[in-house]
Amino acid sequence: MTREGDRSERSDEASGETASREAEAHTPELAGEYDAEAIESHWQRRWVETDTYAYEGDPEQDPNTVYSIDTPPPTVSGSLHMGHLYGQTLQDFAARFQRMVDGDVLFPFGYDDNGIASERLTEDELDIRHQDYERQEFQDLCRDVCQTYEAEFTEKMQGLGTSIDWNRTYKTIEPRVQRISQLSFLDLYEKGREYRKKAPAIWCPECETAISQVEVEDDERGSHFNDIAFGIASEGTNREEFVISTTRPELIPACVAVFVHPEDDDNQDLIGETARVPIFGHEVPIIEDERVDMEKGSGVVMCCTFGDQNDIEWYQAHDLPLRVAIDETATMTDLAGEYEGLSTEEARKAIVEDLDEEGALRDRWEITHAVGVHERCETPVEYRVSKQWYVEILDHKEEYLDAGREMDWYPEKMFTRYKHWIEGLEWDWLISRQRDSGIPFPVWYCEECDHPIMADKADLPVDPLSDEPPVEACPECGHAEFEAEEDVFDTWATSSLTPLINAGWDWDGEGASEASDLGAESGERQRPANGGDGGFTMEHPELYPFDLRPQGHDIISFWLFHTVIKCYEHTGEVPFDATLINGHVLDENREKMSKSRGNVVAPDEVIAEYPVDAIRFWAASAAVGDDFPYQEQDLRAGEKLLRKLWNASKLVDSLAPADPAEPDELAPIDRWLLAELDDAIADLTAHFEAHEYAKARDRLRTFFWNTFCDDYLEIAKEREGDPSTAYALRTAHRTFLELWAPFLPHVTEELWQAVYAESETQDAGDDALESASIHVRDWPAPEGYEADLDAGETTMDVISALRRYKSENQLPLNSELDAVTVYGAIDGFEDVVRTVMHVEDLTVSDDDPDVTTELSDISLDYSTLGPRYGEKVGEIDDAIDDEAFELDGDTLVVAGEALEPDLFEVSHERTYSGAGEMIETESAIVVVE
RNA sequence: GGGCUCGUGGUCUAGCUGGUUAUGACGUGGCCUUUACAAGGCCGAGGUCGGUGGUUCGAAUCCGCCCGAGCCCA
């Protein structure tokens with residue numbers, strides 16, 4: 001704690017001194033064991049302090065040289081979970097790779113602290129209800145609670161070592177964002193894409209607000225089906241009553257009609273008659289409609305305003321009256337007569353009892369069924385008629401589909417989710433919420449004629465509850481009294497603007513016509529002015545459209561969708577070139593982590609036990625878009641890799657000077673390594689560009705561990721002092737650190753600073769991490785080394801054969817071998833085999849070894865044989881199995897066919913008759929005497 | 001109920017524009033102290049590729065159905 005205090009005091013002093021004292025706390029040094037805990041937190045702190053990842057782009061810059069990422073800001077509703085950790089890490093791979101490839105990367109961060117989620121957090125945290133507070137008072141409480149959570153969240157995010165630019169964070173509730181959000185509302189309104197309408201909407205009685213379709217989720221709840229007898233008030237049928245089944249008897253005071261399916265033979269007689277509702281006695285028409293589900297209950301259904309979405313459709317289609325029996329807090333209204341004032345639950349019980357008493361309850365049994373509940377509070381939703389603002393989207397479905405097609409999807413298959421979502425859309429987007437903590441609508445209404453008065457763009461952000469409207473009198477009717485809109489925006493109305501927030505979208509009322517002229521000249525980089533005076537501008541036009549938008553596959557259908565369409569409507573451009581979809585982290589049994597199952601793994605616990613770099617290595621193991629399990633064994637694999645990298649670095653450090661001169665000519669083995677490295681670089685670059693992190697990870701690990709450590713380092717040990725090997729060792733080692741850097745930022749930084757940074761930045765001063773960090777270096781490019789890769793491969797085969805020989809004969813690996821003969825092409829690598837395997841006398845022979853061969857098998861090349869011989873292949877196969885074939889020179893005569901040599905291969909059983917032991921490998925034969 | 005995705009040794013995974021011998025890691029058994037690393041190296045065991053039917057000379061791979069899991073939607 002004291003140290004913390006010291007540091008924050010000192011940071012006000014001259015930065016040079018601060019930095020040098022900081023450096024004393026931890027001097028990168030390549031010695032002993034790798035201490036991840038100390039080293040990781042050190043670099044995390046240094047990266048933030050020195051703005052290593054700050055975006056310094058220039059608005060005039062060519063957008064092609066900037067890589068901009070639009071990150072969805074996490075909702076402030078709790079603490080960091082494994083999904084955050086995984087998603088952020090994946091984004092960071094892209095950010096770090098691109099920073100090395102191209103330099104300027106914008107990797108921002110935001111908090112979505114506006115809306116119902118943070119209100120509920122506040123209510124839970126402080127154990128209060130928003131209804132008990134004044135709006136401003138409650139908003140202040142929300143800000144306080146969110147601030148605490150955000151501070152904690154930030155600290156934990158920084159502990160993940162992601163390369164976020166912490167200078168560029170935002171909150172969706174801050175004034176700058178409020179201005180953008182209100183601008184968006186005004187712009188869409190002016191474009192004719194928003195309307196205010198009185199209509200049935202989904203309503204949460206607990207939160208007391210309208211909510212949108214996407215905020216409702218199904219929940220299995222216990223309930224009862226009640227068979228209730230309705231009387232018949234008209235004369236057209238012999239029946240005196242009929243029965244309906246309902247789970248919501250408390251809605252019968254709101255009953256406005258009864259429906260029968262037109263093809264329901266049993267109930268045809270009811271159509272056109274009048275029903276009498278029990279207890280309440282009011283009469284309602286019986287109407288036919290195809291939407292009746294004949295399979296359910298009696299086939300006769302009551303329609304109430306409103307029990308479900310079907311009721312709404314009927315209400316609209318048949319122009320039914322509105323009977324509101326339940327108010328905004330789920331309390332019965334005066335329409336419910338003696339039940340007025342009861343909650344829906346209480347009323348349900350009372351009405352059922354009274355129905356029973358009256359003889360109208362014919363049956364009642366328990367069921368479980370899916371109930372629509374509000375995702376934030378799990379309260380069953382109601383449907384209420386109210387005046388709400390909508391964004392019109394249904395008429396632009398085709399354009400939104402095209403927008404989706406314009407983006408590159410990683411993985412590609414995820415586009416179908418977006419597509420199906422849009423194709424299935426049935427409602428326009430309801431954006432008004434009757435809540436306290438949110439961004440207010442910048443609107444007033446004329447008290448006389450209800451005409452909406454929009455705020456002036458220049459005045460934004462405004463709060464109509466405390467600010468005055470921009471007009472003296474209503475432009476429609478001249479009335480001078482106005483009513484403020486009390487509603488706030490839906491969270492998504494703001495969080496769908498993150499590309500515009502990140503790019504600094506704004507409206508300029510003065511210099512705007514100029515800006516719009518510029519736009520016409522220089523094409524798409526400038527936003528066109530929106531009619532008349534003024535126009536939209538961007539502080540950082542070079543960022544927009546964004547190169548990448550990452551998110552989980554669960555939010556494609558609303559967050560990504562809303563963001564694409566809003567930005568598209570505002571700018572006419574698709575906001576993202578590409579979108580990267582991450583899967584979900586499951587528990588070790590591949591099941592979803594959830595609090596109720598108690599299988600949640602907290603990132604804190606994982607970080608306490610494993611290095612962040614090891615966790616990142618695990619995060620890289622999943623194919624992008626696939627769900628994958630959290631398994632501790634994978635973290636141990638990462639830990640082992642860190643140790644290997646550390647130890648190999650120590651060995652390299654002991655074998656060669658840090659910065660050896662390039663020799664005039666490289667020895668074949670060294671040229672071979674660098675040529676293999678070139679190949680690896682090319683593969684890795686392609687994998688990173690395609691977001692194939694799992695493939696990149698495995699390719700790099702295999703090459704580093706097997707080829708470099710197991711094969712090359714063992715050779716290099718025997719070549720200590722050779723300038724060619726020293727150069728190759730160091731070149732490869734530097735490159736490995738750079739290639740690992742996006743995956744393992746901490747250990748590579750430590751190694752880089754310990755070994756190479758000093759020699760490169762001696763003159764730059766101590767606090768020049770910003771330019772000396774491995775993470776701002778250039779991504780390696782293939783150098784064009786050429787080598788006989790086949791001979792190298794054969795040589796490695798020979799070496800591992802000899803290693804196996806020693807192992808199997810229980811010999812130490814450094815034991816001497818008297819004489820070895822190699823039958824195979826290892827041109828130029830003879831010395832390598834001799835020294836690394838300690839061979840006294842090595843002979844390489846072009847001849848065949850002294851063997852007696854016996855024909856053992858014919859292996860057919862089916863890929864050419866199949867297409868040529870078709871169904872005859874089976875016959876040929878059988879004949880060979882029966883040994884019914886003959887070799888006629890190069891030709892194989894079998895089953896009446898003469899097969900050309902390219903169709904088969906003859907393999908021989910070799911029996912070595914010379915001295916010593918023969919070992920066969922794929923590419924060579926080795927004889928040890 | 002609909003859509004999308006997934007199912008490969010004990011565990012996780014590669015392969016899946018069809019070519020017969022299915023990749024690697026972890027774990028597991030055995031052997032080896034070798035000028036980084038024994039938390040290392042070498043060798044081995046372990047798989048009817050969810051089930052089933054089809055297309056084909058040939059299917060982990062393509063198609064149909066079924067089973068199981070996940071996500072989204074109703």
Side-chain angles (χ1 to χ4, degrees), chain A residues 30-34 213-214 216-218 293 308-310 370 372 411 413-421 423-426 552-558 581 583-584 586 588-592 617-618 621-623 625-655 692 694-695 697-699 701-702 705-706 709-710 713-714 716-718 720 800-815 836-838 857 859-878:
Chain A
L30 184 48
E33 301 210 332
Y34 179 59
Q213 218 183 333
V214 298
V216 180
E217 58 187 20
D218 284 353
D293 181 358
D308 60 21
Q309 304 226 4
N310 228 356
K413 64 190 177 192
M414 290 296 175
F415 171 66
T416 32
R417 292 210 185 176
Y418 177 91
K419 181 165 170 267
H420 286 277
W421 170 256
E423 286 169 351
L425 282 173
E426 288 173 12
H553 59 55
D554 54 331
I555 57 172
I556 292 172
S557 53
F558 43 108
I581 312 291
H584 286 172
L586 309 174
E588 54 192 353
N589 301 314
R590 294 194 143 275
E591 282 178 33
K592 190 187 178 183
F617 189 68
W618 157 76
S621 70
D626 283 2
D627 292 348
F628 72 121
Y630 165 77
Q631 299 225 117
E632 268 198 285
Q633 60 177 42
D634 293 326
L635 299 181
R636 284 186 217 112
E639 239 180 341
K640 284 170 74 168
L641 175 69
L642 300 184
R643 198 174 298 125
K644 192 78 176 174
L645 182 56
W646 183 260
N647 288 324
S649 299
K650 283 204 303 194
L651 179 61
V652 169
D653 210 41
S654 71
L655 291 175
E692 294 170 340
K695 287 181 180 172
R697 174 194 113 123
D698 290 345
R699 175 78 170 87
R701 196 199 106 98
T702 303
W705 199 304
N706 300 110
C709 293
D710 290 347
L713 281 182
E714 292 302 327
K717 280 180 189 172
E718 306 294 334
E720 199 176 343
S800 67
L802 290 172
R803 214 182 275 151
R804 201 180 317 137
Y805 172 84
K806 290 184 177 181
S807 176
E808 280 171 2
N809 289 285
Q810 307 198 0
L811 295 167
L813 284 177
N814 59 354
S815 59
V836 78
M837 282 291 112
H838 303 274
D857 198 21
S859 49
L860 298 166
D861 179 2
Y862 291 94
S863 60
T864 43
L865 188 76
R868 219 180 292 177
Y869 287 91
E871 57 193 27
K872 186 100 192 187
V873 170
E875 215 178 306
I876 295 171
D877 257 339
D878 292 344

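A, B, ... follow the sequence lines: proteins, then strands. Residue 1 opens every chain. The analysis underlying the following values was restricted to heavy atoms, covering all of them including side chains, and did not include hydrogens, waters or symmetry mates.
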Worksheet item: When we call it a touch if two heavy atoms are under 4.0 Å apart, what does A:K872 touch: a base, just sugar-phosphate, or nothing?
Response: nothing
Practice prompt. For A:G424, report the nucleic acid contact type (base, sugar-phosphate, nothing); a contact means any heavy atom under 4.0 Å.
Written response: nothing
Worksheet item: Are A:R643 and A:Y34 in a cation-pi setup, meaning NZ or CZ lies under 6.0 angstrom from the ring centre and within 45 degrees of the ring axis?
Response: no
Tell me the partner of [N], counting only Watson-Crick (N1-N3 plus N6-O4 or O6-N4) or G-U wobble (N1-O2 and O6-N3) with both under 3.5 Å; none if nothing fits.
N     : value
B:C57 : B:G19
B:C4  : B:G70
B:C65 : B:G51
B:G27 : none

Find the distance [X]:[atom1] to [N]:[atom2] and express it as a whole number of Å.
X      : N     : atom1 : atom2 : result
A:L860 : B:C57 : CG    : P     : 17 Å
A:L425 : B:A74 : CG    : C1'   : 13 Å
A:D626 : B:U8  : CG    : P     : 12 Å
A:Y418 : B:C73 : OH    : C1'   : 17 Å
A:E875 : B:G58 : CD    : P     : 14 Å
A:R697 : B:G24 : CZ    : P     : 15 Å
A:W421 : B:C71 : CH2   : C1'   : 14 Å
A:E423 : B:G3  : CD    : P     : 13 Å

Please list each protein N or O that sits under 3.5 Å from an N or O in nucleotides 68-70 of chain B, with the distance.
| from | atom 1 | to | atom 2 | distance (Å) |
| --- | --- | --- | --- | --- |
| B:G70 | O2' | A:D627 | OD2 | 3.1 |

For the pair [X] (side chain) and [Y] (backbone), establish whether a donor and an acceptor sit closer than 3.5 Å, ignoring hydrogens and angles.
X      : Y      : result
A:K650 : A:G32  : yes
A:W705 : A:L641 : no
A:K717 : A:L651 : no

Counting heavy atoms from C-beta on, name the nucleotide in [options] closest to the side chain of [X].
X      : options             : value
A:R643 : B:A39, B:C37, B:C6  : B:A39
A:K640 : B:C26, B:C4, B:A14  : B:C26
A:K644 : B:G41, B:C42, B:C72 : B:G41

Discussion item. If I pick the C1' atom on B:G58 and the same atom on B:U21, what distance separates them, to the nearest angstrom?
Written reply: 15 Å
Worksheet item: How far, in whole Å, is B:U52 from B:G46 if one measures between their C1' atoms?
Response: 26 Å
I want to check one thing: is the phosphate of [N], taken as OP1 and OP2, less than 4.0 Å away from some side-chain N or O of [X]?
X      : N     : value
A:R804 : B:C43 : yes
A:W705 : B:G41 : yes
A:K695 : B:G15 : yes

Discussion item. In this structure, is the centre-to-centre distance between the rings of A:W618 and A:Y630 below 6.0 Å?
Written reply: yes
Worksheet item: Would the number of heavy atoms belonging to other residues, nucleotides or ligands and lying under 6.0 Å from CD of A:E423 be above 12?
Response: yes
Worksheet entry | Ionic contact status for A:E875 with A:K872, cut-off 4.0 Å | yes
Worksheet entry | Electrostatic pair A:K413-A:D626, nearest N-O below 4.0 angstrom | yes
Worksheet item: Counting only distance, no hydrogens or angles, is the base of B:U11 paired donor-acceptor with the side chain of A:Q633 under 3.5 Å?
Response: yes
Worksheet item: Shortest non-hydrogen contact from A:P411 to A:G625?
Response: CD-CA, 3.9 Å
Pairs under 3.5 angstrom, nitrogen or oxygen only, protein versus nucleotides 31-35 of chain B, please.
none

